[in-house]
Number of protein chains: 2
Amino acid sequence: MASDSTRDLIVRAADELFYQRGFEKTSFADIAEVVGISRGNFYHHFKAKDDILSEVITLRACKTKEMLDMWTRNAKTPADRLRCFAQMLIENRKNIQRYGCPVGTLCSELAKLDHPSQGGAGMIFGQFRSWLREQFEALGRGVDADSLSMHLLARSQGIAALATAFHDETFIRREVELIDTWLDDLKQAPIKSRSRRAS
Amino acid sequence: MASDSTRDLIVRAADELFYQRGFEKTSFADIAEVVGISRGNFYHHFKAKDDILSEVITLRACKTKEMLDMWTRNAKTPADRLRCFAQMLIENRKNIQRYGCPVGTLCSELAKLDHPSQGGAGMIFGQFRSWLREQFEALGRGVDADSLSMHLLARSQGIAALATAFHDETFIRREVELIDTWLDDLKQAPIKSRSRRAS
DNA sequence: GTCTATAGACGGATAGAC
DNA sequence: GTCTATCCGTCTATAGAC
């Protein structure tokens, strides 16, 4: 994975550029310039731009798995693991304010392009969704674990979106704190997430 | 605003295409084809693509104002008005699942392009933010009205982002119901939004 | 004659593909 | 390195209103 082959260098450079400039806006020349190879050399490794995108998605899926595994190892309780997820927003706050969430913005762009790799990008969301669901299940939320997972995932996406628009770091910290509070309340309160409306 | 002048036809067509395909991907030829005019004709009305974007943002700001005014008129209580906002996600669910939130995706794209109109697009978020804050203030939340406004705005953005990725209409409805419940709880509970961590 | 709307052709630049 | 397609932006020409 951390190989230094030209092919891997291309994928890693494309990964970064797709995030910072978007898929459509990133040209072969941009990637070649970063890697330090000629454009002609390119088609020796990838015959089309879409092929690079596929590999970038695979790379991101691998990095996501590594991160989730690390959280699973380092944090001992499900609640702490969920807090790791929320904390990610603070750790990556600079990039999020500039470029948004790497997964969310890629999915959004590919959706508008109606690109074949839409589903692949969405699977990275699926990785988070499954991992979060496992944590909520371990927290004794067997019934609505998936709903809670999607809810938390959505909150993180919303925070990223507004952080990009308003460039407000305080907002990120405040919302992450709200998530932590929500997780605390979740442990005490019984099943409450859906149900009941006052009307 | 609802004029049929060629200029307005261009702006309205661009508005739709920017939403569906993205700003970068939409070409003059695309817009001209929809409007039914020649490309050469274009530059009599707009001398650059960025000028169209500016007008599209202005148009969207106007439409947003009209919508907010309508909610203010039609719903009598602040709580009902806030529910109108959440309900918007359900009403626009089809388009949201396909293209995401018009405001969020435009802001995200312009941020990656580092486009001069970034701020203009962000101002549409600002319209929602101000209007929501007014409702929370009217609800007796003078202190944290802006935080609550940003929180609700973020939730709506997160819902839109995941709805696009997973194409799940049930998820949208469930999350909107959660927002309604949250609004109900807000009326009863005193100031609770920030504060207190267990740790 | 002047002004405006429209059309179409041209050129420079760039991107993707080979 | 080249080839082709596309796109942005400019230029010129035409037609009608006033």
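In what follows, every chain begins at residue 1, and chains take the letters A, B, ... in the order their sequences are listed. What's counted below: heavy atoms across the whole structure, side chains too, no hydrogens, waters or symmetry copies.
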Whole angstrom value for the distance that separates [atom2] of [N] from [atom1] of [X]:
X: N41(B); N: dT14(D); atom1: CG; atom2: C1'; result: 13 Å
X: L113(A); N: dG16(C); atom1: CG; atom2: P; result: 12 Å
X: F42(A); N: dG1(D); atom1: CZ; atom2: P; result: 17 Å
X: K25(B); N: dG16(C); atom1: NZ; atom2: C1'; result: 11 Å
X: E24(B); N: dT6(D); atom1: CD; atom2: P; result: 17 Å
X: L53(A); N: dG16(C); atom1: CG; atom2: P; result: 12 Å
X: I31(A); N: dG16(C); atom1: CD1; atom2: C1'; result: 11 Å

Do E177(B) and R173(B) sit within salt-bridge range, that is, some charged N less than 4.0 Å from a carboxylate O?
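No, no charged N to carboxylate O under 4.0 Å.
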
Whether R12(B) and E16(B) form a salt bridge (side-chain N of Lys/Arg under 4.0 Å from carboxylate O of Asp/Glu) is what I want to check.
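Salt bridge absent between E16(B) and R12(B).
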
Respond yes when some side-chain nitrogen or oxygen of T6(B) is under 4.0 Å from OP1 or OP2 of dT6(C), and no when none is.
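Yes, T6(B) has a side-chain N/O under 4.0 Å of OP1/OP2 on dT6(C).
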
Indicate the ring-plane relationship of F128(B) and W71(B), choosing parallel, tilted or perpendicular according to the 30° and 60° boundaries.
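If you compare the ring of F128(B) with that of W71(B), the planes turn out tilted.
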
With the criterion being N/O to N/O and under 3.5 Å, what pairs connect the protein with nucleotides 9-13 of chain D, and how long is each?
from: dG9(D); atom 1: OP2; to: K49(B); atom 2: N; distance (Å): 3.2
from: dG9(D); atom 1: N7; to: R39(B); atom 2: NH2; distance (Å): 3.3
from: dG9(D); atom 1: N7; to: Y43(B); atom 2: OH; distance (Å): 3.4
from: dG9(D); atom 1: O6; to: R39(B); atom 2: NH2; distance (Å): 2.3

Side-chain (K76(B)) to main-chain (R73(B)) donor-acceptor, under 3.5 angstrom
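Yes; at least one donor-acceptor contact below 3.5 Å.
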
F28(B) ring center within less than 6.0 Å of Y43(B) ring center
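Yes; F28(B) has its ring centre under 6.0 Å from that of Y43(B).
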
Rounded (10°) bend between the five-pair end axes of the helix from dG1(C)-dC18(D) to dC18(C)-dG1(D):
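About 0°, once rounded to a multiple of 10°.
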
